[in-house]
Amino acid sequence: MNNEEFEAGLRGRLYLLVGALMPLSFSLASVARPLLAVAVGVQAGILAIIPLVSNIAQIFFRPIFGYLSDKHGRKIFISIAVLIYATGYIIYSIAESPLHIIIASFVIGIGIGCLWPALMPLSAEIGSNARESLGSLLMLSFLGSLIGSVFSGFVAEVFGWRETYMLSALVALCAFLVAVMLKEPSMKREAPDIRSSLKLSYKIAARSVTRINSIGLKPILSTYLPVILLDLGLTQTIIGVFMAFDRLITSIMQKVSAKVSTKKLFRIPAINLLSLGALLLFITMASYHNLLLAISSYITYSVGAGLLPTSELAEATERAGRAKGSGAGGFGVALSFTRIIAGSIAIAGGSIEIASLSPVISALLASTLAFMFLSIIGVIKGS
C-alpha cells in the first residue's frame, strides 16, 4: 500500500474518531451537568427537564438534518453539528439562570440532531459492509461515552463545573478539526423532497418505537440504578464500576450485533421483549433484596438491549434506500421519543408508589410494563 492509499484509507475512517470524541465530550460533563444546574437555580426535583428539552429538540431536528444531509452531503453537517455542540457547552459554562441551562440543553439537542443523521449514514456508505461499519461507529461512540463518564467526577472536582464544560468545548473543537479532514465518498445525491423525507423519517420512527424501546430506558436506569444498588448493599465505588461495566457491555454488543443480526433467528422485537422481561426480573429481585439474581438479570438485560442499536439502525438505513440520512433521523427520533415517554411514565409511577413499593422501584416498574406492552405490539406486527 502506497502513501496515497494509506492516507485515503485513514481519512476515510476519521468519522470513527468524531463518533468517539463527541460522546466523550458530552459524558465528560455527566457530574457537572446536574450540579451546575442546581447551583444556578434549577430545582433538584425537575432536573429531568435537561434531557427532556434536548430530546424534544432532537425529535424535530433529526429528520430535518437527515433530509439535508441526504441532499447536500454528510461532511458539512457533521462539521456544523460539532460547532453547535461546542456552542451549547459554552452557554453552559457561562450559565447564570435556569433559562440559560434550558437554552444550552436545547442547543446541544440541535447538535445531536444534526450530527448523527449525517454521521451514521456516512459510516454505512463508506464501508463495504454497512452493518460492520455501523457496528464499529456505535461501538466507539459507546466507548467514548464510557471514557468520558469515568473521568467526569474527577474533572468536575479538580477543575470545576464551568471549566468542565470549557474542556468539553475543547474536545468538540478537536473533533471539528477532524471533521474538516473527513473523506466523503463521491456519489450522486437523489434525496426525496422535504415532505417525503420527513414522512419517511417519522414512519421509520413509529416502527422502531415498538421494536427497540428497551434502549429508551437506559437514561432512566442511569438515574435510578445507583439508588437501587446502594439499597442492595453495594458501595458507591462498586456501583460506579458496575455502571461502567454496563456501558462496556453495550459497546461490545455493537460488533456482536453486526455479525449476528443477519441470521434468520435474530428478531429485533423478540429480543427487545426478552430484554424488558430481564429488566422486569431485575426489578422484582431488587424489591426482594436478592442481590445475585438482580445483578444477573440486569446483565442479561444489558446484553439484550445492547444488541439492538446497530441492528435496528442498519435496518432503518436499508429501508430508506439512498435516503439514509432520513432513515438514521427516524431511528434517532424513535430513541428520543422513547426516552421522553420513559421519563414521563417513571415520574408518574414514582409518584403513585405502585403496590406500596418504593418510589424508585415503582418508577422503573411503571415504565418497564408500559414498554413491554409496546414491545408486544412490535412482536405481533413482526409475526
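Just the heavy atoms: all of them, side chains too, but no hydrogens, waters or symmetry mates, feed the values below.
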Once the angle between the rings of Phe106 and Phe61 is folded into 0 to 90°, is it parallel (under 30°), tilted (30 to 60°) or perpendicular (over 60°)?
perpendicular
Under a single-linkage definition using a 4.5 Å side-chain heavy-atom cutoff for Ile, Leu, Val, Met, Phe, Trp and Tyr, are Leu293 and Leu230 assigned to the same hydrophobic cluster?
no
With a 4.5 Å heavy-atom cut-off, do Ile91 and Ile101 have their side chains touching?
no
Applying side-chain contact (heavy atoms from CB on, under 4.5 Å) to Ser136 and Leu16, what does each step give before you reach the verdict?
CA-CA 8 Å; Ser136 297; Leu16 294 172; 4.2 Å; yes
What I'd like to find out is whether the side chain of Asp246 reaches to under 4.5 Å of the side chain of Lys218, using heavy atoms alone.
yes
Is the backbone N or O of Ser326 less than 3.5 Å from a side-chain atom of Asp70, with the two atoms forming a donor-acceptor pair by type?
yes
Spacing of CG belonging to Leu291 relative to CG belonging to Leu229, to within rounding of 0.5 Å
8.0 Å
Answer yes if Leu232 and Leu281 sit in the same cluster of Ile, Leu, Val, Met, Phe, Trp and Tyr residues linked by side chain heavy atoms under 4.5 Å apart, and no otherwise.
no
So does Met120 get a backbone contact from the side chain of Ser123, meaning a donor-acceptor N/O pair under 3.5 Å?
yes
Spell out, as yes or no, whether a donor-acceptor pair under 3.5 Å connects the side chain of Ser257 to the backbone of Gln254.
no
Under a 4.0 Å N-O cut-off, is there an ion pair linking Lys255 with Glu132?
yes
State whether a side-chain donor-acceptor pair under 3.5 Å links Ser311 with Glu315.
no
When you measure from the centre of the six-membered ring of Phe26, is the NZ or CZ of Arg33 closer than 6.0 Å and no more than 45° off the axis?
yes
Arg162 and Ser93: side-chain donor and acceptor closer than 3.5 Å?
no
Just so I know, are the side chains of Ile59 and Asn55 near enough to count as touching, which here means a heavy-atom distance under 4.5 Å?
no
Got a second to check how far Ile110's CD1 is from Gln58's CD, nearest 0.5 Å?
10.5 Å
Are the side chain of Arg74 and the backbone of Leu119 linked by a donor-acceptor contact shorter than 3.5 Å?
no
Please tell me if the side chains of Tyr301 and Leu221 come closer than 4.5 Å, counting only heavy atoms from C-beta onward.
yes
Within the structure provided, determine whether Val209 and Val333 are in side-chain contact (heavy-atom separation under 4.5 Å).
no
Which class fits the ring pair Phe159 and Phe154: parallel under 30°, tilted 30 to 60°, perpendicular over 60°?
perpendicular
NZ/NE/NH1/NH2 to OD/OE distance under 4.0 Å, Glu312 and Arg211:
yes
Write down the atom of Met372, the atom of Leu280, and the distance for their closest heavy-atom approach.
SD-CD2, 3.8 Å
Any side-chain heavy atom of Ile215 sitting closer than 4.5 Å to one from Pro309?
yes
Check whether Ile220 and Ile299 end up in the same hydrophobic cluster, where Ile, Leu, Val, Met, Phe, Trp and Tyr are linked by side-chain heavy atoms less than 4.5 Å apart.
yes
Verify whether one side chain among Ser261 and Arg131 offers a donor that lies under 3.5 Å from an acceptor in the other.
yes
Taking the side chain as every heavy atom from C-beta outward, state whether Ser54 and Ile112 have any pair of such atoms under 4.5 Å apart.
yes
Between Val155 and Leu167, which heavy-atom pair has the shortest distance, and what is it?
CG1-CD2, 3.9 Å
Given 3.5 Å as the limit, does a donor-acceptor pair link the side chain of Ser375 with the main chain of Phe371, or not?
no
Assess the pair Tyr89 and Tyr92: is the distance between their ring centroids shorter than 6.0 Å?
no
Would you call Leu115 and Met22 a side-chain contact if the rule is heavy atoms closer than 4.5 Å?
yes
Shortest non-hydrogen pair, Ser141 vs Trp116, comes out as CB-CH2, 3.9 Å
Taking every heavy atom of Leu134 against every heavy atom of Ala314, the minimum-distance pair comes out as CD1-CA, 3.7 Å
Tell me, with the steps shown, if Ile80 and Phe65 meet side-chain contact (heavy atoms from CB on, under 4.5 Å).
CA-CA 11 Å; Ile80 291 172; Phe65 284 115; 5.6 Å; no
Counting heavy atoms not belonging to Glu163, are there more than 12 under 6.0 Å from its CD?
yes
For Leu200 and Ala323, work out which heavy atoms get closest and say how close.
CD2-CB, 4.1 Å
Looking at Phe373, I want to see if its CZ is surrounded by more than 12 non-hydrogen atoms of other residues, nucleotides or ligands under 6.0 Å.
no
Ile361 side, atom CD1; Tyr288 side, atom OH - distance, nearest 0.5 Å
11.5 Å
Sub-3.5 Å donor-acceptor pair from the side chain of Ser105 to the main-chain atoms of Ile50, do we have one?
yes
When you check the side-chain N and O atoms of Thr338 and Asn213, is any donor under 3.5 Å from an acceptor?
no
Applying the 4.5 Å side-chain criterion to the ILVMFWY set and letting contacts propagate, would Ile94 and Tyr85 be lumped into a single cluster?
no
Exam field: side chain Ser208 to backbone Ala205, donor-acceptor pair closer than 3.5 Å:
no
Using atom types as modelled and distance alone, determine if a side-chain donor or acceptor of Lys75 lies under 3.5 Å from a backbone N or O of Val180.
yes
Can Ser145 and Ser27 be counted as having a side-chain donor-acceptor contact under 3.5 angstrom?
yes
Asn272 side-chain N/O to Ser214 backbone N/O, donor-acceptor pair under 3.5 Å
yes
Determine whether a donor-acceptor pair (N or O, by modelled atom type, separation under 3.5 Å) exists between the side chain of Ser152 and the backbone of Ser149.
yes
Please tell me whether Ile90 and Trp161 are part of a single hydrophobic cluster in this structure, the criterion being side-chain heavy atoms less than 4.5 Å apart.
no
Might you work through the side-chain contact (heavy atoms from CB on, under 4.5 Å) test for Phe282 and Leu279, ending with a clear yes or no?
CA-CA 5 Å; Phe282 163 75; Leu279 185 57; 4.0 Å; yes
If you count heavy atoms of other groups shown closer than 6.0 angstrom to CZ of Phe151, is the number above 12?
no
For a side-chain contact (heavy atoms from CB on, under 4.5 Å) check, start with the C-alpha distance between Val150 and Leu146, then their side-chain angles and the critical distance, and finish with the verdict.
CA-CA 6 Å; Val150 168; Leu146 169 61; 4.1 Å; yes
Over all heavy atoms of both residues, which pair between Ile228 and Ala286 is shortest? Give the atoms and the distance, please.
CG2-CB, 3.8 Å
